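In what follows, a structure is listed as structure tokens, so that the remarks can point back to it.
Since the model is a prediction, treat every value here as computed from it, not as a measurement. Quick note on labels: first sequence line is chain A, next is B, and so on, each numbered from 1.
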Amino acid sequence: MKLNKLKSYINAFLLGMVMSMKVDELKSLGVDERILRLLRERGIEELYPPQADALKTEVLKGKNLVLAIPTASGKTLVAEIVMINKILREGGKTVYLVPLKALAEEKYKEFKFWEKLGIRIAMTTGDYDSTEEWLGKYDIIIATSEKFDSLLRHKSPWIKDINLVIADEIHLLGSYDRGATLEMILAHLDDKAQILGLSATVGNAEEVAEWLNADLVMSEWRPVALRKGVFYHGELFWEDGSIERFPTQWDSLVIDALKKGKQALVFVNTRRSAEKEALLLAGKIQRFLTKPEERKLKQLADGLDTTPTNQKLKEALTKGVAFHHAGLGRTERSIIEDAFREGLIKVITATPTLSAGVNLPAYRVIIRDTKRYSNFGWVDIPVLEIQQMMGRAGRPKYDIEGQAIIIAKTEKPEDLMKRYVLGKPEKLFSMLSNEASFRSQVLALITNFGVGNFKELVNFLERTFYYHQRKNLEALEGKAKSIVYFLFENEFIDIDLNDQFMPLPLGIRTSQLYLDPVTAKKFKDAFEKLEKNPNPLGIFQLLASTPDMSSLRVKRKEQEDLLDYAYEMEEYLYQNIPYWEDYKFEKFLGETKTAKLLLDWINEVNDVKILETYEIDTGDLYRILELVDWLMYSLIELYKLFDPKPEVLDFLKKLHIRVKHGVREELLELITLPMIGRKRARALYNAGFKGIDDIVRAKASELLKVEGIGIGVIEKIYQHFGVELPTNEKKKKVKKGTLDEFFK
DNA sequence: ATAAAATGCCTTTAGACAGCATGTC
DNA sequence: CTAAAGGCATTTTAT
């Protein structure tokens with residue numbers, strides 16, 4: 001039986017009978033010679049035991065496999081060997097699914113290595129796109145789950161060539177917001193392609209493996225030993241029972257790590273804590289820096305923008321500490337990550353951004369908090385997550401062991417030890433039942449995947465993890481019914497006399513745009529008011545009110561002002577202002593705040609000013625703008641389906657560009673130029689260069705006088721018009737001439 | 001009388017995927 | 001049944 005086989009793998013590990021394996025032995029397992037050669041070239045002579053276990057299953061012969069082993073214990077290498085071998089032997093395409101855009105980039109860089117064998121690798125996320133045909137030329141396609149789900153919906157012709165799907169971090173099946181997407185992708189493909197699931201250690205990996213009809217390899221083995229403990233008032237209780245004494249405060253653990261010449265990573269549960277602890281620690285560890293290190297750190301800090309949060313970051317950074325959370329901009333994040341890897345930054349205090357994202361190991365990991373505030377109040381952080389944080393301890397090649405230490409404050413240290421150190425991680429549960437994900441998936445099944453009636457819908461649902469796990473579709477069927485009714489009632493689909501589903505244009509477009517049907521409905525319902533009174537604030541408020549947009553939180557002290565603002569602007573809004581006792585009230589104020597921010601943005605309010613006014617960080621602003629860009633486009637696309645008025649459509653399109661770039665209408669022309677964003681465009685405009693013509697006719701030397709315009713920018717603009725400036729000689733010449741003259 | 005310290009009440013709280021067509025300051 | 005830290009205003013204490 002399958003189960004016995006599973007058990008045998010597990011037992012083999014437990015008994016310590018699994019030995020490591022030489023790379024050469026892979027040959028007998030059918031691994032292509034060329035792969036072995038490159039592995040050796042990379043310096044890999046021997047495989048880690050779990051890697052060997054994984055490859056000894058029938059995964060190389062095409063059998064599905066779930067590999068549940070700790071982070072950094074070599075899951076990726078297994079994936080690489082399996083997929084490259086498959087491509088070399090059988091051809092076909094591999095899709096490599098990741099949960100984060102940052103991980104897509106990381107894997108892309110890693111897999112580039114295999115281009116030596118002529119293997120073509122592409123990455124596609126919401127940021128970096130590529131036409132569908134273009135992707136057809138590649139052997140390995142790295143994508144986020146959502147992006148790939150979207151590609152599936154678009155029915156690209158190359159989808160049929162996929163014969164291997166690798167789901168990295170497959171335990172995200174259990175993620176409340178995003179698990180359903182991954183689950184549906186796997187349900188779609190499990191009879192068409194081989195599946196390799198890479199998972200953290202979870203409570204019920206067997207269940208996932210059974211669902212996928214896969215072998216299971218589990219192990220706790222790590223290349224760097226991990227030593228875990230709990231710290232309580234100066235006493236460090238190691239899991240083996242030994243006790244080590246330190247000064248009472250937990251920061252002594254950080255200082256101790258530095259004394260050993262090592263780095264530390266501190267996990268906390270709020271951004272504010274991350275910033276506070278970073279600054280506190282900075283004062284205490286500065287003395288460990290060498291002069292050259294201080295100089296380099298100073299340089300890094302000087303290179304950062306001067307936003308309120310960056311001021312604090314700079315202060316910490318010059319002292320060898322950084323904080324890391326989602327409020328930071330992308331530049332800041334990657335600077336910090338790189339500098340920590342180099343060893344320049346000694347300590348990072350981080351929110352969970354670092355527990356699941358890019359791999360950033362440190363000798364000692366300190367977990368200050370094990371509770372977190374959520375929508376449902378104060379909750380214990382799941383064991384799975386804490387263990388992922390702990391898993392960041394120990395740098396391969398640098399450390400013999402890594403240490404992960406949980407700080408006990410009010411909780412009993414023995415409770416923390418039992419729960420997080422010795423305890424088993426939670427089981428994974430299907431999140432298909434999450435209504436928001438499910439309705440979007442039901443729509444896609446009908447509009448994009450040819451599900452023609454309720455019976456077929458239920459048949460498909462029987463392939464899901466949800467069904468496998470519960471063996472009972474009743475609840476899901478009930479939900480599906482109400483969703484189908486919702487879709488029918490709102491003209492996403494039609495249902496004919498024989499109860500057959502018929503996709504309607506609104507449904508098809510909604511699914512392609514990857515919108516929540518509720519968002520699409522909100523848009524549709526607003527079109528009448530929008531035509532009567534098209535205005536930015538009303539539109540922004542509409543976007544902010546959809547479930548696809550995460551609006552800002554409103555602080556107590558802002559409530560009154562925002563309500564006044566809403567009443568002042570009432571005539572522009574497409575919805576009524578709710579009463580304060582209404583449950584929608586707080587949500588409404590958040591939407592209003594978001595809309596007001598966006599209005600400031602398109603009126604060219606300085607970004608730092610925006611950050612200060614709304615008490616948000618760069619990363620938050622960036623995320624809002626990213627969402628609005630997508631939703632604004634979607635709004636326009638849906639409006640096109642409803643007999644659009646040309647002038648309204650034109651208004652929306654202009655507004656889209658304005659919000660994308662954060663400019664007033666008069667800058668729309670300048671903004672089309674390369675390297676010209678809201679700041680430079682405004683500077684040019686104020687200097688009298690109001691349009692493309694002015695730029696073309698202007699002398700380069702004149703343009704250079706404008707703030708923010710350097711020779712590099714001019715060069716890019718000239719290139720845009722097909723004029724090359726190859727040498728420095730010419731650059732000087734250009735300053736005198738105009739772009740216009742080049743055309744003669 | 002004035003300033004510092006203590007007290008108490010109130011407020012706040014993690015993260016980040018998606019379209020489409022090419023490039024910010 | 002459910003946290004903890006920071007901000008702010010008020011009250012108490014010290015000089």
Side-chain angles (χ1 to χ4, degrees), chain A residues 98-102 104 124-132 143-151 153-154 172 175-178 181-182 267-274 276-277 305 325-327 329-331 350-357 368-381 385 409-411 437 440 509-516 519 548-550 553-557 559 607 615 619-620 622-624 626-627 629-637 656 660-662 671-683 707-710 712-713 716 719-720:
Chain A
V98 290
L100 302 173
K101 291 189 234 176
T124 172
T125 67
D127 286 353
Y128 270 90
D129 199 27
S130 26
T131 54
E132 293 151 30
T144 52
S145 304
E146 287 76 9
K147 182 67 192 189
F148 183 66
D149 189 23
S150 166
L151 288 169
R153 294 181 188 190
H154 284 88
L172 263 91
S175 146
Y176 180 77
D177 325 331
R178 299 181 53 203
T181 313
L182 183 55
F267 284 105
V268 296
N269 64 1
T270 63
R271 291 183 185 184
R272 191 161 65 185
S273 298
K276 187 198 76 174
E277 301 292 7
D305 290 346
H325 59 60
R330 292 196 169 183
T331 336
T351 59
T353 19
L354 277 187
S355 67
R368 197 201 69 169
D369 305 310
T370 55
K371 287 175 187 285
R372 156 201 307 162
Y373 192 84
S374 77
N375 297 336
F376 322 106
W378 207 250
V379 293
D380 283 325
I381 296 173
E385 256 182 77
K409 282 157 287 181
T410 55
E411 273 191 280
S437 335
S440 171
R509 204 69 191 103
T510 299
S511 178
Q512 285 174 337
L513 290 165
Y514 216 79
L515 288 178
D516 184 326
T519 297
D548 280 313
M549 179 95 188
S550 59
R553 290 178 51 95
V554 171
K555 292 176 181 158
R556 194 64 141 221
K557 61 180 178 189
Q559 281 196 3
D607 22 5
E615 293 183 79
D620 306 309
Y622 177 81
R623 247 181 310 286
I624 290 171
E626 199 181 25
L627 284 168
D629 187 15
W630 163 46
L631 291 175
M632 196 66 213
Y633 177 84
S634 302
L635 177 70
I636 294 168
E637 288 301 300
H656 183 206
K660 194 166 176 151
H661 296 280
I671 213 87
T672 60
L673 293 170
M675 301 296 284
I676 302 297
R678 66 197 306 246
K679 286 195 176 162
R680 287 180 183 145
R682 175 49 61 193
E707 202 184 329
I709 309 283
V713 175
K716 281 283 180 337
Q719 264 174 29
H720 176 71

Nearest to the side chain of [X], which nucleotide is it out of [options]?
| X | options | result |
| --- | --- | --- |
| A:Arg556 | B:dG15, B:dT24, B:dT12 | B:dT12 |
| A:Leu100 | B:dA14, B:dC20, B:dC17 | B:dC17 |
| A:Arg178 | B:dA16, C:dG6, B:dA14 | B:dA16 |
| A:Trp378 | B:dC20, B:dA16, C:dA3 | C:dA3 |
| A:Lys555 | B:dG19, B:dC17, B:dT12 | B:dT12 |
| A:Glu146 | B:dT12, B:dA18, B:dA14 | B:dA18 |
| A:Arg509 | B:dT13, B:dC20, B:dA16 | B:dC20 |
| A:His656 | B:dG19, B:dA14, B:dA18 | B:dG19 |

Given atom [atom1] of [X] and atom [atom2] of [N], what is their separation to the nearest angstrom?
| X | N | atom1 | atom2 | result |
| --- | --- | --- | --- | --- |
| A:Arg372 | B:dT13 | CZ | C1' | 11 Å |
| A:Leu627 | B:dG15 | CG | P | 15 Å |
| A:Leu151 | B:dC17 | CG | C1' | 13 Å |
| A:Arg680 | B:dT24 | CZ | P | 10 Å |
| A:Ile381 | B:dG15 | CD1 | P | 12 Å |
| A:Asp620 | B:dA14 | CG | P | 10 Å |
| A:Phe148 | B:dC17 | CZ | P | 18 Å |
| A:Asp380 | C:dA4 | CG | P | 11 Å |

Side-chain N or O of [X] closer than 4.0 Å to phosphate OP1/OP2 of [N]:
| X | N | answer |
| --- | --- | --- |
| A:Lys660 | B:dT24 | no |
| A:Ser634 | B:dG19 | no |
| A:His661 | B:dT22 | no |
| A:Lys716 | B:dG23 | no |
| A:Thr410 | C:dA3 | no |
| A:Arg553 | B:dT13 | yes |
| A:Thr270 | B:dT12 | no |

Determine, for [X] against [Y], whether the closest basic-nitrogen to carboxylate-oxygen distance falls under 4.0 angstrom.
| X | Y | result |
| --- | --- | --- |
| A:Lys557 | A:Glu615 | yes |
| A:Glu707 | A:Arg680 | no |
| A:Asp607 | A:Lys679 | yes |
| A:Arg272 | A:Glu277 | no |

For A:Ile636 and A:His656, what are the C-alpha separation, side-chain angles and deciding distance, and is it a side-chain contact (heavy atoms from CB on, under 4.5 Å)? CA-CA 9 Å; A:Ile636 294 168; A:His656 183 206; 3.8 Å; yes
Identity of whatever pairs with B:dA16 - Watson-Crick or G-U, under 3.5 angstrom: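 Check on B:dA16: unpaired, no WC or wobble geometry under 3.5 Å.
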In Watson-Crick or G-U wobble terms, both distances under 3.5 Å, what is the partner of B:dA21?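 When the pairing criteria are applied, nothing turns out to pair with B:dA21, so the answer is none.
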Does A:Leu513 or A:Ser374 map to a spot on DNA chain B nearer the 5' end, using the closest nucleotide for each?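 The residue whose closest nucleotide sits nearer the 5' end is A:Ser374.
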Residue met sooner reading DNA chain B from 5', once A:Ser145 and A:Thr672 are mapped to nucleotides: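 Looking at DNA chain B, the more 5' nearest nucleotide goes with A:Ser145.
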What pattern of brackets, bars and dots sums up DNA chain C from 5' to 3', given Watson-Crick or G-U wobble pairs under 3.5 Å, [ ] for crossing pairs and | for another strand? ..|||||||||||||
Is it true that atom NZ of A:Lys716 has more than 12 heavy atoms of other residues, nucleotides or ligands lying nearer than 6.0 Å?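 No - once you tally the heavy atoms of other residues, nucleotides and ligands closer than 6.0 Å, there are 12 at most.
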Counting the atoms with a prime plus P, OP1 and OP2 as sugar-phosphate, which does [X] contact under 4.0 Å by heavy atoms, base, sugar-phosphate, or nothing?
| X | result |
| --- | --- |
| A:Lys409 | nothing |
| A:Asp629 | base |
| A:Glu637 | nothing |

Give the minimum heavy-atom separation between A:Ile676 and A:Val713, together with the two atoms involved.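 Nearest heavy atoms, A:Ile676 then A:Val713: CD1-CG1, 4.0 Å.
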Taking all non-hydrogen atoms of both residues, which atom of A:Phe148 and which atom of A:Ala143 are closest, and how far apart?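 Looks like CB-CB, 4.2 Å.
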Tell me which of A:Lys557 and A:Tyr373 sits closer to the 5' end of DNA chain C, going by the nucleotide each one is nearest to.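 Comparing both residues, the 5'-ward one is A:Tyr373.
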Tell me yes or no: between the side chains of A:Arg178 and A:Ser145, is some donor less than 3.5 Å from an acceptor?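 No pair is found: no donor N or O on one side chain lies under 3.5 Å from an acceptor on the other.
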So, A:Asp548 versus A:Tyr514: side-chain donor-acceptor pair below 3.5 Å or not?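 There is no such pair between these side chains.
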Can you tell me if A:Tyr514 is stacked onto the base of B:dG19, using a 5.5 Å centroid cut-off and an angle below 30°?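 One would not call A:Tyr514 stacked on the B:dG19 base.
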Between B:dA14 and C:dA4, how far apart are the two C1' atoms, rounded to whole Å?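 My reading of the C1' atoms in B:dA14 and C:dA4 gives 16 Å.
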